[in-house]
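First the structure, in the form of structure tokens, and then the observations on it.
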Amino acid sequence: MRMSRLFGKTQREVPAEADTVSHQLLIRAGMIHQEATGVYSYLPLAWRVLRKIESIIRDEMNKAGGQELSMPVLQPLELWQETGRDQAFGKGLFVLTDRRDRKLALGPTHEEIITQLVGHNVQSYRDLPLLLYQIQTKFRDEPRPRAGLIRVREFTMKDLYSFDADEAGLDRSYQLMIEAYQNIYARCELPALLVEADSGAIGGKDSHEFMVIAESGEDEIIGCDKCHYAANVEKAQSTKSKVGGGDPLPPEEVSTPGLGTIEEVASFLKVPASQTLKAVFYMADGELVFVSIRGDIEVNEVKLKNLLRCVELRLASEEEVIKAGIAAGAASPIGIKGIKIIADDSITTGTNFVAGANKPDTHLRNVNYPRDFKADIMADIANAHAGDSCPSCGAKLSSTHGIEVGHIFKLGTFLSEKLNAPYIDAKGEARPIIMGCYGIGLGRLLAAAIEQNHDDKGIIWPVPIAPYQVYLCPLYRENSKVAEVAEKVYAELEAKEFEVLFDDREESPGVKFNDADLLGIPLRVTISPRTLEKNSVEIKQRAEKEAQLVPLAEVKTRLRELL
RNA sequence: CGGGGUGUAGCGCAGUCGGGUAGCGCGCAGCGUUUGGGACGCUGAGGUCGGAGGUUCAAGUCCUCUCACCCCGACCA
């Protein structure tokens, strides 16, 4: 490809819109253009990268035994209503109305469609296992798209679905996909960490995410320094420290005038926050819920939401709390009635806690569970923190940020039951097919690759996904020898199936070098009068500082070695 | 949805307080001189000042409404 003909211009200045590295570089390199919030055009360079990622993914899916198909973006809303997932997605679902007043959803994912499709085509256990996938555009009306291609509303995703007759089969399919995913990231030269994940509204047994560690990542990962434990903070557990407190003493009221927060109460009573119980109120699908948790620990809302099996969970407003007749700031699980009490198991890690007294400006000392109150549900609903103890080996946990570049789920039978997709087993009995699903966002993978591979000059593409392999850079093209050799080298390289971006522009060396660095093509071949004096060209790897002089006759061999 | 911010040429911005001929840098076009890490000179093109309504002799600037985009939070398979 000739630079002079390439659609898409590099730009010198950092766009005001972008404050994530990958977003800035993608725009500066002329690779993407924003059309609306979270909606982008891919210009030729970005499209080439995306296609390379796509072909790596396709190859690994096929190797794993997947069969590719294509399903519609436009899906009847009724299908979503049948599984109730229109509610789970809520406003995240793009819904439109056709001329006959039928409601259609733009597919945010394709579980419903494929389950129905498989239900029509699979009758027997002999048809299983089955791995089906597609690479398709998805639409989600995200509350807040951000960071360029990292979180968008329209995106290309590879989604594979597994269909098995039994749990053991699902486990095999799941394992097969983990391996396929690891191959994909390895081939993209992107180190991805497998972490335990929350499976969200869809439920199911296991779920894992593949994370690329990056400062700009939206997800927090809690990991053990010693063993292999790693989990999304939404899911992560930690062993809660014991706080002691001595033998249970009788409860005792203390006056705490004007003190509301845990910090205020704890410092006033001269006890650590870990020796207090905090009351947190939530509205779960419109129902007020009381949460009791140790004062130094925060509620993990994802865990709470899963526990309550609710669609909408948010902190209750002070008005809602007061309206329920509760003393805000001094609320207590003791003696409270007509409200569901959820307790984090941290409240059993000690004795003689300070808690509210359900009276304004009053707290209680020496509160003990279960002596003084009962919880309707006791569970782990705490946020794990760096510094906590690993639930698997007890060593210290640490925290990093990551970009989620893959998410896999053991779905189970929820969808095949709702949408009536049974198979007949060997005994002639009908059973629901057991499903799994496995997604990779291609655009996000592309962005993650940039987050992971760049310097202050620009992108440094890993060879397998680089838009071109070679940046052919003649200097002083008005020198007829340079022009002639450059054209010849270009033709020869293309003939040998090198992917070459030929900078045939009349630009100064500085401009060309800077564009070469910005675009991040792995190998740069410079031809100038200076190199031609020695009958050579200069080859430089994008990631390296030094260039090497290579005789013209050896260029192809040398490039081949470096790719 | 809550909080904060920004909309002026393809990009980055000034001008808005205090109303009076719409500017700068980059980029773009032409000519010339240059050129191994974003060269220089001259000439030139390019703007519904996000949109609508209002106040005024006069609005980029003041008022009302509205839209878009960005950041934080909520939210998010």
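All values derive from a computational prediction rather than experimental measurement.
Residues passing the side-chain hydrogen bond (donor to acceptor under 3.5 Å, both in side chains) test with Thr137(A), sequence neighbours excluded: none. Trp80(A) pairs by the ring pair (Phe, Tyr, Trp, His ring centres under 6.0 Å) definition with Phe89(A), not counting sequence neighbours. Val73(A) pairs by the side chain to side chain contact (heavy atoms under 4.5 Å, CB included) definition with Leu106(A), Gln136(A), Phe139(A), not counting sequence neighbours. For Arg144(A), the side chain to side chain contact (heavy atoms under 4.5 Å, CB included) criterion is met by Arg146(A), not counting sequence neighbours. Under the rule for a ring pair (Phe, Tyr, Trp, His ring centres under 6.0 Å), His110(A) has no partner lying at least two apart in sequence or in another chain. Remark: Arg153(A) pairs with Asp141(A) by the salt bridge (charged side-chain N to carboxylate O under 4.0 Å, His left out) rule, at least two apart or across chains. For Asp159(A), the salt bridge (charged side-chain N to carboxylate O under 4.0 Å, His left out) criterion is met by Lys138(A), not counting sequence neighbours.
With a cut-off of 3.5 Å on both Watson-Crick or G-U wobble distances, the partner of U61(B) is given as none. Nucleotide A29(B): paired with U43(B) (Watson-Crick or G-U wobble, both distances less than 3.5 Å). The partner of G36(B) is absent, by the rule that a Watson-Crick or G-U pair needs both atom distances under 3.5 Å. Remark: C75(B) base-pairs with no nucleotide; criterion is Watson-Crick or G-U wobble with both hydrogen-bond distances under 3.5 Å.
Arg28(A) comes within 4.0 angstrom of a nucleotide base, judged by non-hydrogen atoms across all strands. Asp19(A) comes within 4.0 angstrom of the backbone, heavy atoms only, and of no base. The residue Ala147(A) sits close only to the backbone: its heavy atoms come under 4.0 Å of sugar-phosphate atoms, none of a base. Using a 4.0 Å heavy-atom criterion, one finds that Lys91(A) contacts no nucleic acid atom at all. As judged by a 4.0 angstrom heavy-atom cut-off over every strand, Ala36(A) is placed among residues touching the sugar-phosphate backbone only.
Note on Lys410(A) versus Asp171(A): salt bridge recorded, some NZ/NE/NH1/NH2 to OD/OE distance being below 4.0 Å.
Remark: the separation of the P atoms in G19(B) and G60(B) is 14 Å, to the nearest Å. The C1' atoms of G7(B) and G50(B) are separated by 6 Å, rounded to the nearest whole Å. Distance check on atom P: G73(B) versus A29(B) gives 43 Å, rounded to whole Å. Rounded to the nearest Å, the gap between the P atom of C76(B) and that of U8(B) is 34 Å. C71(B) and U66(B): their P atoms are spaced 24 Å apart (whole Å). A distance of about 24 Å separates the C1' atoms of G47(B) and U56(B), rounded to the whole Å. Comparing G51(B) with C69(B), their P atoms sit 16 Å apart, to the nearest whole Å. Remark: the separation of the P atoms in U6(B) and U61(B) is 16 Å, to the nearest Å.
Atom pair Leu475(A):CG and A39(B):P shows a separation of 13 Å (rounding to whole Å applied). Rounded to a whole Å, the CG atom of Asp517(A) is 12 Å from the P atom of G38(B). Rounded to whole angstrom, the span from the CG atom of Asp141(A) across to the P atom of C1(B) amounts to 11 Å. At whole-Å resolution of the value, CD in Glu546(A) and P in G36(B) are 19 Å apart. The distance between atom CZ of Arg153(A) and atom P of C69(B), rounded to the nearest whole Å, is 7 Å. Whole-Å rounding puts the Asp503(A) CG to G37(B) P distance at 15 Å. Spacing between atom CD of Glu35(A) and atom C1' of C70(B) amounts to 17 Å, rounded to whole angstrom units. Leu519(A) has its CG atom 15 Å from the C1' atom of G37(B), to the nearest Å.
To the nearest 0.5 angstrom, Tyr161(A) atom OH is 6.5 Å from Ile114(A) atom CD1.
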Return a single string for nucleotides 10-15 of chain B, one symbol per nucleotide in 5' to 3' order, where B is base contact, S is sugar-phosphate-only contact and - is none, cutoff 4.0 angstrom on heavy atoms. -BSS--
Heteroatom pairs (N/O) under 3.5 angstrom, protein to nucleotides 27-34 of chain B:
{"unit_1": "G27(B)", "atom_1": "OP1", "unit_2": "Arg12(A)", "atom_2": "NH2", "d": "3.0"}

Could you run down the sub-3.5 Å N/O contacts of the protein with nucleotides 73-76 of chain B?
{"unit_1": "C75(B)", "atom_1": "OP1", "unit_2": "Glu301(A)", "atom_2": "OE1", "d": "3.1"}
{"unit_1": "C75(B)", "atom_1": "OP1", "unit_2": "Leu313(A)", "atom_2": "O", "d": "3.4"}
{"unit_1": "C76(B)", "atom_1": "OP1", "unit_2": "Lys305(A)", "atom_2": "NZ", "d": "2.4"}
{"unit_1": "C76(B)", "atom_1": "OP2", "unit_2": "Lys305(A)", "atom_2": "NZ", "d": "3.3"}
{"unit_1": "C76(B)", "atom_1": "O2", "unit_2": "Arg151(A)", "atom_2": "NH1", "d": "2.9"}
{"unit_1": "C76(B)", "atom_1": "O2", "unit_2": "Arg151(A)", "atom_2": "NH2", "d": "3.1"}

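The side chain of Thr531(A) lies closest to G36(B) when the candidates are C69(B), G38(B), G36(B).
Remark: Thr37(A) is in phosphate contact with C69(B), judged by side-chain N or O atoms under 4.0 Å from OP1 or OP2. Contact check, Ser528(A) against G36(B): no side-chain N or O comes under 4.0 Å of OP1 or OP2. Residue Gln34(A) places at least one side-chain N or O closer than 4.0 Å to OP1 or OP2 of C70(B).
Checking Glu538(A) against Thr531(A) by side-chain atom types alone, no donor-acceptor pair falls below 3.5 Å. Checking Gln237(A) against Tyr229(A) by side-chain atom types alone, no donor-acceptor pair falls below 3.5 Å.
Nearest-nucleotide positions on RNA chain B place Ala547(A) closer to the 5' end than the other of Ala547(A) and Pro108(A). Nearer the 5' end of RNA chain B, as judged by each residue's closest nucleotide, is the contact made by Ile527(A), out of Ile527(A) and Tyr161(A).
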Atom pairs and distances, side-chain donor-acceptor, residues 36-47 of chain A, under 3.5 Å, sequence neighbours left out:
{"unit_1": "Tyr40(A)", "atom_1": "OH", "unit_2": "His23(A)", "atom_2": "NE2", "d": "3.3"}
{"unit_1": "Ser41(A)", "atom_1": "OG", "unit_2": "Glu35(A)", "atom_2": "OE2", "d": "2.7"}

Listed pairs under 3.5 Å, donor-acceptor, residues 434-444 of chain A side chains, sequence neighbours left out:
{"unit_1": "Tyr438(A)", "atom_1": "OH", "unit_2": "Ser162(A)", "atom_2": "OG", "d": "2.8"}
{"unit_1": "Arg444(A)", "atom_1": "NE", "unit_2": "Ile150(A)", "atom_2": "O", "d": "2.7"}
{"unit_1": "Arg444(A)", "atom_1": "NH1", "unit_2": "Glu404(A)", "atom_2": "O", "d": "2.9"}
{"unit_1": "Arg444(A)", "atom_1": "NH2", "unit_2": "Ile150(A)", "atom_2": "O", "d": "3.1"}

Determine whether Thr413(A) and Glu417(A) satisfy the following criterion, side-chain hydrogen bond (donor to acceptor under 3.5 Å, both in side chains), listing intermediate values before the conclusion. CA-CA 6 Å; Thr413(A) 57; Glu417(A) 284 174 35; 2.6 Å; yes
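With Met61(A) as the partner, the side chain to side chain contact (heavy atoms under 4.5 Å, CB included) test is satisfied by one option alone out of Glu68(A), Met177(A), Gln134(A): Met177(A).
Donor-acceptor pairing under 3.5 Å, judged by distance alone, is absent between the side chain of Arg505(A) and the base of G38(B).
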